[in-house]
2 protein chains.
Amino acid sequence: MPAASIRARARAEMINEIKAIARRHLAAEGANLSLRAVARDMGMVSSAIYRYFPSRDELLTALIVDGYHALGDAVEAGDAEVTDRADLRGRWLAVCHAVRRWALTQPAEYALLFGSPVPGYAAPQETTVAAARTPAALSRILVDGLAAGILTDPGPAELPGPVHADLAAVRDHLFAGVPEALLARGAAGWIHCFGAVSFELFGQLNGVIEAREEFFDHQMRRMVDLIGLP
Amino acid sequence: MPAASIRARARAEMINEIKAIARRHLAAEGANLSLRAVARDMGMVSSAIYRYFPSRDELLTALIVDGYHALGDAVEAGDAEVTDRADLRGRWLAVCHAVRRWALTQPAEYALLFGSPVPGYAAPQETTVAAARTPAALSRILVDGLAAGILTDPGPAELPGPVHADLAAVRDHLFAGVPEALLARGAAGWIHCFGAVSFELFGQLNGVIEAREEFFDHQMRRMVDLIGLP
DNA sequence: CACTTTCGAGAGCAGTGCTCTTGACGGCGC
DNA sequence: GCGCCGTCAAGAGCACTGCTCTCGAAAGTG
């Protein structure tokens, strides 16, 4: 038993070191991650990496899942810092800013998660549960608001039928307790947050907006108004 | 003179053919465009491409500029289809849907323009004027609304100082005639349009929303409310 | 006709992901 | 305690990439 676990432990450390170096390369060079360069940095030959990851895509998947969890951690930490749990507005803004801060410190990883998909690469199912953590954190704010009586269901009147059906289907196993119409508003907020961060990170704001943080904050504040957070 | 122009014409046709084949490859394989593959498809040797484009990046730049113009054309055509020029809401929605439609038919080109930046590649200055065409089309709707007295300046009160300054600086040479506060609202609309299209195209909606067009339309409609288009 | 410019072909460099084979080391059962 | 066997790193090799350089042929210019 201890013998096997010694091997298993060495293997796990190897995998972590590979991922760590790969993340460094990702940050330095962007999405076209080179297995050979990672191997060089580890003092190994490229083929040795294949003992630990069956392909470059599997390495990417591991990095993506890690990335979603890192973002989820950052987002949940940002939310938790707001001591007044009834301050829905403050919590929402805290989450948005946490997303942006994380994206700015890990631009390559953010691009890996939310940027153009890698051509030959299809994200496997296992990434979706990790990907849902941030939207889940946002929906928790809405749930708390409903439970505390601060928010009320806007009613399905403002939703087109098919959208209502989609949201109803997804609500039960991802965002339990949020009425569809409110969920649609939340989606708008999440989309706007993602859009603003991507705009900034992907260079669309270059030469236009210099006060990035103030601009982002203003955009998010206008959005919480639209969502209806008091 | 005709001799020189024969050569020049042949050269221009060569360049166009290279770009056309490159676009086909882009659509098929995604962002990692291979010069050698393009050369193969043209029945040439890879080094011959360098007679027409000094590097792969220059080819990418040409494709990007072309892409921005194609999107600009689609957007302007979408706007022009709305016969009632005073129907600001209808025009705004038409432009947003034109962006989405173009993105869905040219996903790889959209990703090239608005997705994660290509690692070693920095977009040269010349791309920005082409890139400004779509925001410019949106701002024209606001300008028309102001001129017709349908819209009024919401006033700078809702804008933080630094953002106001940035928008004032950029307004004069890009979006002449739009007050800063209205410009910020327009930016929100553009960001939301971009965010929603990217969300859909980059796979973040997979398994969540199936009624894509209705969802997009609903998102944009909520946004025109926020902008204040009647 | 002679001269110059333009162009395509080919070889070559340094790099890539990935496969397969080879040899060594270490933990396990007998 | 010894042999076995699984795990691992190394190396060669395949097909590919962007890019440079040289060379010969063709085309346009005086």
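So you know, we letter chains A, B, ... as the sequences are listed, proteins then strands, and number each from 1. This one's a predicted model, so the numbers in the text were calculated from it and none came from an experiment.
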> Hey, can you pull the residues of residues 13-25 of chain A with a non-hydrogen atom under 4.0 angstrom from DNA chain C?
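Those residues whose heavy atoms fall under 4.0 Å from DNA chain C, taken from residues 13-25 of chain A, amount to none.
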> Would you list the atom pairs, donor with acceptor, under 3.5 Å between side chains in residues 187-196 of chain B and any protein atom, with sequence neighbours excluded?
| unit_1 | atom_1 | unit_2 | atom_2 | d |
| --- | --- | --- | --- | --- |
| B:H192 | ND1 | A:H192 | ND1 | 3.1 |
| B:H192 | NE2 | B:Q219 | OE1 | 2.9 |

> Within the structure, does a side-chain N or O atom of A:Y52 lie under 4.0 Å from either OP1 or OP2 of D:dA9?
yes
> Under the rule for side-chain contact (heavy atoms from CB on, under 4.5 Å), what residues qualify as partners of A:V208, not counting sequence neighbours?
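Counting only residues at least two positions away or on another chain, A:V208 forms a side-chain contact (heavy atoms from CB on, under 4.5 Å) with B:V170.
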> When the distance from CG of A:L33 to P of C:dC18 is rounded to whole Å, what number comes out?
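Going from A:L33 (CG) to C:dC18 (P), I get 10 Å.
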> What nitrogen or oxygen pairs link the protein and nucleotides 21-23 of chain D at under 3.5 Å?
none

> Rounding to an integer number of Å, can you tell me how far A:F53 CZ sits from C:dG17 C1'?
16 Å
> Starting at CZ of A:R56 and ending at P of C:dT19, how long is that distance when rounded to a whole Å?
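That distance rounds to 13 Å.
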> Could you list the residues that satisfy side-chain contact (heavy atoms from CB on, under 4.5 Å) with B:E200, not counting sequence neighbours?
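With neighbours one apart ignored, the set is B:R100, B:L104, B:L205, B:R212.
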> Would you call A:V99 and A:V75 a side-chain contact if the rule is heavy atoms closer than 4.5 Å?
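Of all side-chain heavy-atom pairs linking A:V75 with A:V99, at least one is under 4.5 Å.
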> Output a table of donor-acceptor pairs, distance under 3.5 Å, between side-chain atoms of residues 35-46 of chain A and any protein atom two or more places apart or on a different chain; print 'none' if there are none.
| unit_1 | atom_1 | unit_2 | atom_2 | d |
| --- | --- | --- | --- | --- |
| A:D41 | OD2 | A:R24 | NH2 | 3.3 |

> Quickly work out the A:R36 CZ to D:dA9 C1' distance and round it to whole Å.
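Atom-to-atom, A:R36 to D:dA9, this comes out as 15 Å.
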> Applying side-chain contact (heavy atoms from CB on, under 4.5 Å), name anything that partners B:A103, two or more places apart in sequence or on another chain.
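For B:A103 the side-chain contact (heavy atoms from CB on, under 4.5 Å) partners, ignoring immediate neighbours, are B:Y110, B:V197, B:L201.
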> What residues from residues 37-46 of chain A pass a heavy-atom cutoff of under 4.0 Å to DNA chain D?
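Within residues 37-46 of chain A, the residues near DNA chain D are A:M44, A:V45.
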> How close or far is atom C1' of C:dG8 from atom CZ of B:R11, stated in whole angstroms?
13 Å
> According to salt bridge (Lys or Arg N to Asp or Glu O under 4.0 Å), does anything in residues 64-80 of chain B pair up with another residue at least two apart or in another chain? List the pairs.
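The answer is B:K19-B:D66, B:R23-B:D66, B:D73-B:R133, B:E76-B:R133, B:D79-B:R85, B:D79-B:R91.
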> Restricting to side chain to side chain donor-acceptor pair (under 3.5 Å), what partner residues turn up for A:Q106, sequence neighbours left out?
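Expected list: none.
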> In whole angstrom, what separates A:L59's CG from C:dT16's P?
15 Å
> Using the ring-ring contact (aromatic ring centres under 6.0 Å, His included) rule, collect all pairs that involve residues 41-74 of chain B, keeping only residues at least two apart or in two chains.
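Residue pairs passing ring-ring contact (aromatic ring centres under 6.0 Å, His included), neighbours aside: B:Y68-B:F114.
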> Within a strict 4.5 Å, meaning less than it, do heavy atoms of the B:E214 and B:H218 side chains meet?
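Of all side-chain heavy-atom pairs linking B:H218 with B:E214, none is under 4.5 Å.
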> Find the distance B:L35:CG to D:dC16:P and express it as a whole number of Å.
16 Å
> In this structure, how many angstroms lie between the C1' atom of C:dT19 and the OH atom of A:Y50, rounded?
9 Å
> Tell me every residue that passes side-chain contact (heavy atoms from CB on, under 4.5 Å) with A:A136, counting only those two or more places apart in sequence or in another chain.
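A:A136: side-chain contact (heavy atoms from CB on, under 4.5 Å) contacts with A:R140.
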